[in-house]
Structure formats: C-alpha cells, structure tokens
Amino acid sequence: MATIFWVEDQSHWIEKFRPVLEATAFDEAPTTVQVFKFAEAACQHIRLADAGQPPDLALLDANMNGNDAAGFSVSRALQGKWPGLPIIYLSEHSGTGIEQEAFEATGARDFIAKHQQNIESVLCWRIKAVLRSHTLSRADGQPSGDVLRSGDLSLDTATWEVYWQGTKLMNPANARRPLAPTPRKILRYLVEASPRPLTTWQIAEKLDADPERFSYANYRQHIRTLRLSFDQAMGGEGRFAELCKAGEGIVTFGDEGAYCWKPPSGKQP
C-alpha cells in the first residue's frame with residue numbers, strides 16, 4: 001500500500017485530485033493519502049511521526065497562503081526526518097524561480113504544473129515513475145538499473161544517483177539532502193563524453209536549457225557544486241579539488257569555459 005504525504009492549501013485541488021490518487025494502485029494495492037492544508041501542521045506531524053514509518057512519497061504545493069517558501073519548509077522537515085524521501089511538487093508556478101529552487105535547493109524529483117491537459121493522468125503516471133525509480137535505488141543502498149561506470153565513479157542512469165568510492169554524492173551545503181538533479185546530469189554528460197571536453201553551449205543543449213539564459217557562470221557553479229560534493233564524499237580537506245588541479249576528476253579545459261571528466265588514477269594528491 002502506497003502512502004502519499006500531500007500538502008495543499010486549496011480545497012478545490014484536494015477535491016479534484018484526492019479521489020484520483022486514492023483510486024490508483026501505485027504498488028498494486030490501495031493508496032492512502034494524508035492531506036495537510038497548512039505547512040505548519042504538516043511540519044508538526046513530521047516532527048511527531050515515527051522515523052521508522054516514512055510515507056512512500058511527498059506531494060507538495062510550493063506557494064501556500066501567499067508564502068512562496070511554505071512548501072520548501074515542509075521539504076526541509078521531510079528530508080530532515082527521512083533523508084532520500086522522494087518529493088514531487090504539484091504547483092501553479094511551473095517555469096518560474098519557484099520551480100528552479102525546488103530542483104536546485106530541495107532536490108525535488110519532479111515538478112508538475114496543475115494547469116495542463118489531462119493533468120489527472122499526468123500526475124498518476126509521473127508518481128508511478130518516481131516510486132519505481134526510488135524502489136530501484138533502495139536495494140542495499142547501491143545503484144541499480146543501467147549504471148555508468150568510470151573508475152571509482154558509478155552513476156545510475158535510471159535514478160541519477162551517483163556513488164564515488166562507494167559513497168553516495170550528497171548536497172555539499174547539507175549532507176542530509178541529495179545532490180541536485182542538474183549537477184548530476186552534467187556529471188553524466190561529462191563522463192559519457194570523456195575524454196572530450198564539453199563547452200557551455202554543448203551542456204545547455206544536452207540539458208535542453210535556454211542557451212541565452214544558461215551561461216558559463218551557471219555551468220561553473222554546477223561544477224563547483226560537483227567538486228564540493230566529491231570532496232565531501234572523500235572526507236573533506238580539499239582532496240578532490242587537488243585532484244582536479246592535478247588534471248584528474250573534473251578538469252577545466254581551454255579558454256572556452258569547457259570541462260571534461262578524467263578518471264583519477266587512484267593516487268592521492
């Protein structure tokens with residue numbers, strides 16, 4: 001039985017989606033939907049909940065009662081209680097800075113626009129996809145599915161989870177949160193292209209990003225996040241940064257704002 005933790009402040013959306021969710025057997029069994037209309041009530045419930053009984057998935061609105069950060073506060077509480085819990089945003093603010101922050105700052109698995117054609121079906125099949133991906137990634141805490149390997153690096157192309165020397169790469173700003181999706185995707189493209197470097201324009205194209213908005217500064221910031229995450233997995237102290245300076249790992253290439261992946265030899269700097 002799948003349990004969905006849903007935070008939504010508008011009654012008409014609850015009335016629209018709740019019957020659909022409860023009628024869908026996401027894991028071939030009835031679905032339970034826990035609904036909270038206020039971020040504060042949701043956070044209080046999380047604080048008192050049994051840490052050993054997490055929901056299967058959280059479905060969050062972003063802006064609630066005029067507060068753009070309400071959904072993010074619930075996300076932080078959920079990840080603090082149950083690191084790795086898959087989170088999907090169901091929002092009226094797709095294509096905005098709210099969506100960007102949901103992915104970059106909270107590690108959301110998906111962001112679904114409420115106002116779109118056939119939204120009920122879209123919501124259900126995307127929840128199924130996230131639950132399936134999460135199930136694949138949980139076996140023994142190791143990658144599963146189609147795994148891209150390069151030396152001590154392994155990247156699961158189904159779940160986007162990355163392991164370095166057996167340690168999962170996490171958000172360098174908060175080790176209890178997963179690494180954001182965009183740096184993980186960039187790393188995959190760098191590994192697949194190795195030993196060729198990829199320029200800002202090439203990465204923007206692979207990410208299907210607007211080339212006028214995705215700049216070298218964006219690319220460089222994602223690379224910095226990746227390097228810090230690798231360093232965190234190695235225990236800190238700047239060891240991965242030293243590898244990069246020595247021409248291994250994620251290496252700066254030429255004058256075009258390009259980077260490339262060079263598998264480390266195994267020698268410590």
Side-chain angles (χ1 to χ4, degrees), residues 1-22 24 26-27 29-93 97-112 114 123 126-128 130-131 133-135 137-138 141 159-161 167-181 225 229 232:
M1 179 177 70
T3 300
I4 297 176
F5 185 97
W6 185 18
V7 185
E8 169 60 60
D9 66 327
Q10 298 187 56
S11 297
H12 69 278
W13 291 120
I14 297 172
E15 293 168 1
K16 181 180 180 71
F17 295 127
R18 186 171 192 167
V20 175
L21 295 172
E22 291 180 335
T24 303
F26 292 102
D27 58 358
T31 300
T32 297
V33 182
Q34 301 173 315
V35 181
F36 300 87
K37 296 187 70 173
F38 298 94
E40 296 81 1
C43 291
Q44 177 68 6
H45 177 86
I46 294 165
R47 285 192 290 270
L48 298 176
D50 184 345
Q53 295 185 334
D56 295 286
L57 178 139
L59 187 63
L60 306 180
D61 193 3
N63 179 299
M64 289 184 282
N65 300 304
N67 181 359
D68 286 350
F72 301 147
S73 69
V74 178
S75 176
R76 288 192 294 270
L78 287 166
Q79 291 176 327
K81 188 83 169 193
W82 300 297
L85 178 73
I87 294 173
I88 295 176
Y89 282 87
L90 179 63
S91 174
E92 299 175 72
H93 298 277
I98 291 176
E99 180 177 359
Q100 180 180 359
E101 186 173 356
F103 281 114
E104 299 297 343
T106 74
R109 298 292 184 89
D110 206 344
F111 196 103
I112 303 172
K114 290 174 177 174
L123 176 61
R126 284 164 77 167
I127 287 176
K128 286 180 180 179
V130 168
L131 287 173
S133 175
H134 184 60
T135 299
S137 71
R138 285 188 301 183
T159 66
W160 292 101
E161 291 187 332
T167 299
K168 184 177 177 180
L169 293 193
M170 302 297 285
N171 189 321
N174 185 339
R176 300 175 70 177
R177 294 184 182 180
L179 185 63
T225 297
S229 184
Q232 179 177 267

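Contact annotation: the side chain of I98 approaches that of F72 to within less than 4.5 Å [non-hydrogen atoms, C-beta and beyond]. You'll find the side chain of F36 stays beyond 4.5 Å of the side chain of V74, heavy atoms only. Contact check for K37 versus I14: side-chain heavy atoms found under the 4.5 Å cut-off. Between I88 and L90 the shortest side-chain heavy-atom distance does not fall below 4.5 Å. In this structure, D61 and K114 have side chains that are in contact, with non-hydrogen atoms separated by less than 4.5 Å. No side-chain heavy atom of T24 sits less than 4.5 Å from a side-chain heavy atom of I127. Here the side chains of L59 and V33 are not in contact, with every heavy-atom distance at 4.5 Å or above. N63 has its side chain out of reach of S91: every pair of non-hydrogen atoms, C-beta onward, lies at least 4.5 Å apart.
Residue pairs meeting the side chain to side chain donor-acceptor pair (under 3.5 Å) criterion with at least one partner in residues 44-53, sequence neighbours excluded, are Q44-R47.
In plain terms, the two heavy atoms of L169 and L179 that are nearest each other are O-CB, 3.8 Å. The minimum heavy-atom distance between I46 and A77, with the atom names listed, is CG2-O, 3.5 Å. Residues A108 and P181 share a closest heavy-atom pair of O-CG, 3.8 Å. Among all heavy-atom pairs drawn from G71 and M64, the shortest one is N-CE, 3.7 Å. Across every non-hydrogen atom of A51 and P54, the tightest pair is O-CD, 4.1 Å. The two residues K81 and A49 have their closest heavy-atom pair at NZ-O, 2.8 Å.
Atom CG of residue N174 and atom CD of residue Q232 lie 8.5 Å apart, to the nearest 0.5 angstrom. Rounded to the nearest 0.5 Å, atoms CG (L131) and CZ (R126) are 14.0 Å apart. Annotation: the span from L57 atom CG to I87 atom CD1 amounts to 8.5 Å, rounded to 0.5 Å. Here the SG-CG distance, from C43 to L48, works out to 11.5 Å after rounding to the nearest 0.5 Å. Note that CZ of F111 is 10.0 Å distant from CD of E101, once rounded to the nearest 0.5 Å.
Every residue meeting the side chain to side chain contact (heavy atoms under 4.5 Å, CB included) condition with P55, not counting sequence neighbours, appears here in chain and number order: T3, F5, W82, L85. Applying the side chain to side chain contact (heavy atoms under 4.5 Å, CB included) test to Q10 and every residue at least two apart in sequence or in another chain returns E8, H12, W13, E92.
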**OP:** Decide yes or no on side-chain contact (heavy atoms from CB on, under 4.5 Å) for L21 and W6, but give the supporting numbers first.
**Re:** CA-CA 11 Å; L21 295 172; W6 185 18; 4.2 Å; yes
